[in-house]
Amino acid sequence: MPELPEVETVRIGLANLLPNQKIKAVWSDWSKSFPNSQADIEAFLIGAKITGVRRRAKVLLIDLDTAYSLVIHLKMTGQIVFRSDDDQLRFGAGHPNESLIGRLPDKSTRVVLTLDGAKLFFNDQRKFGWMRLMPTVEIENLDFFKKVGPEPLAAEFTATHFIERLHRRKNTTIKAALLDQTVIAGIGNIYADESLWGAKIHPAQRVSEIPAAKLKTLFSEMQYVLKLAIEKGGSTDKNYVNAEGKRGSYMSFARVFRRENLPCPRCGTTIIKSRVAGRGTHTCPACQILTK
Ligand SMILES: [Zn+2]
C-alpha cells in the first residue's frame with residue numbers, strides 16, 4: 001500500500017503532464033476497476049479537458065472542466081503510466097513491474113484514457129484498485145473523505161492540532177494512533193516507525209502517557225520524514241516508483257525501518273523488529289524506551 005509520499009510523488013508527476021489534455025476516448029476491461037455507466041462517460045468524460053491533479057490522503061483526483069473528477073485509488077498493485085504516442089515522454093508511477101516499461105496495454109491494464117498525442121494507462125494486477133468518475137462537489141461526501149483525518153503537511157495543520165487529534169485515541173498505542181487514517185491522513189508503517197524513532201518514542205507507549213513536548217517533537221519528525229520522502233520520490237517499500245519510473249530513494253535514507261540487526265544511526269545499538277498495532281515495527285531499544 002503506498003503511503004502519502006508515494007501518492008504525492010505520483011501527483012507531482014501527473015500534475016506536470018495532464019493539465020490541458022483533452023480526453024478523447026476511454027477503454028476499460030473490468031467493471032470493478034471503472035464502474036461508471038457509458039452514459040456518464042460520454043456526458044462527462046469524453047471531450048473533457050483536465051484542469052488539475054490533486055491528492056487527498058492516499059487518493060488521487062484528476063479534475064475535469066465538466067465539473068466531474070476521476071477519483072483513483074491505487075491500493076496494492078495499482079500503477080499509472082503516461083506515454084506519448086511518439087514514445088518521447090514516458091512516465092510511470094506505482095507498482096513497478098514490467099508494465100511500467102513494457103508494451104501497453106498488457107494483461108494488467110484495466111483502463112486506458114486516450115489524450116492528445118498520449119495515453120494514460122491504469123494498470124492493476126490484483127484488481128483491488130479503482131478509478132471512478134464523479135461530480136467534483138460530491139467527492140467530499142464520500143464516506144472515506146468524510147472520515148479521513150487532516151493532511152499532515154497542510155499549512156494550517158499545527159502541532160497543537162496534531163496533539164489534539166492524537167488525544168482522540170488516548171488509550172491506544174501511539175503507533176496505532178498514527179496509523180489510524182481517521183486521526184491523520186496518509187501515514188503508514190514506514191513513516192510511523194521513522195517518525196517515532198526520530199522523536200525517541202516507543203511505538204507501544206500509550207498516547208495518554210506521552211508528554212506534550214514529546215508529541216510536539218513527533219509532529220516535527222513526522223513532517224520531516226514525509227517531506228524528505230517526497231523530495232526523494234517516495235520509498236521503495238512494496239517497490240513503489242516515482243512518476244518517471246525511477247525507484248524512490250527514501251528507503252536508503254531510512255534510519256530504522258527494515259533495518260533490524262543493523263546499528264541505530266544515533267547510538268549504535270542494534271535495531272530490533274517486534275510487533276506493535278499488528279504491524280512489523282522497528283525500534284532502537286536504547287533510544288526508544290517504553291516507560292510505565
Ligand atoms: Zn539508538
Side-chain angles (χ1 to χ4, degrees), residues 1-6 8-9 149 152-153 157-181 183-240 247-292:
M1 183 77 74
E3 301 184 29
L4 185 154
E6 290 75 43
E8 179 62 11
T9 301
L153 294 177
F157 189 60
T158 62
T160 311
H161 196 189
F162 174 70
I163 294 168
E164 182 267 314
R165 301 289 304 180
L166 289 175
H167 278 164
R168 295 177 177 205
R169 296 286 181 279
K170 259 185 186 318
N171 297 317
T172 81
T173 65
I174 184 68
K175 177 148 179 180
L178 284 176
L179 292 176
D180 185 338
Q181 300 300 298
V183 175
I184 307 146
I187 308 290
N189 211 26
I190 303 172
Y191 302 102
D193 281 8
E194 288 293 311
S195 312
L196 289 166
W197 179 89
K200 299 188 183 178
I201 297 171
H202 194 283
Q205 196 77 52
R206 295 208 173 273
V207 174
S208 58
E209 298 162 345
I210 306 169
K214 275 233 156 180
L215 292 178
K216 215 169 163 182
T217 308
L218 179 62
F219 176 72
S220 326
E221 288 296 326
M222 173 191 69
Q223 289 203 326
Y224 166 77
V225 294
L226 290 173
K227 284 179 188 163
L228 181 68
I230 292 167
E231 195 185 298
K232 303 291 177 195
S235 74
T236 53
D237 186 48
K238 301 287 180 202
N239 298 322
Y240 273 83
R247 274 167 193 261
S249 57
Y250 176 71
M251 285 295 279
S252 55
F253 291 78
R255 298 157 305 174
V256 69
F257 190 79
R258 298 252 167 97
R259 286 179 49 84
E260 60 268 32
N261 304 320
L262 292 170
C264 165
R266 192 162 41 208
C267 75
T269 306
T270 304
I271 289 164
I272 54 168
K273 189 175 178 187
S274 60
R275 214 161 170 83
V276 178
R279 304 293 298 274
T281 297
H282 308 79
T283 49
C284 168
C287 290
Q288 296 165 273
I289 310 263
L290 187 61
T291 58
K292 288 290 168 199

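Heads up: numbering here begins at 1 and tracks the sequence. All ligand and atom numbering here is 1-based and tracks the order in the structure. From a predicted model like this one, the values you see are computed outputs, not experimental measurements.
A search for side-chain contact (heavy atoms from CB on, under 4.5 Å) contacts involving Pro285 returns Thr269, Ile272, not counting sequence neighbours. For Glu221, there are no side chain to side chain donor-acceptor pair (under 3.5 Å) partners at least two apart in sequence or on another chain. Applying the side-chain contact (heavy atoms from CB on, under 4.5 Å) rule to Ala176 yields the partners Thr172, Thr173, Ala277; only residues at least two apart in sequence or on another chain are considered.
Between Pro265 and Ile271, the closest side-chain pair of non-hydrogen atoms falls below 4.5 Å.
Ring orientation note: the planes of Phe157 and Phe162 are nearly perpendicular, at an angle over 60° on the 30°/60° scale.
Protein contacts to the Zn ion (ligand 1) involving N, O or S atoms at a distance below 2.8 Å are Cys264 SG, Cys267 SG, Cys284 SG, Cys287 SG.
For the pairing with Asp180, the salt bridge (charged side-chain N to carboxylate O under 4.0 Å, His left out) check across Arg168, Lys175, Arg169 returns one residue only, Arg169.
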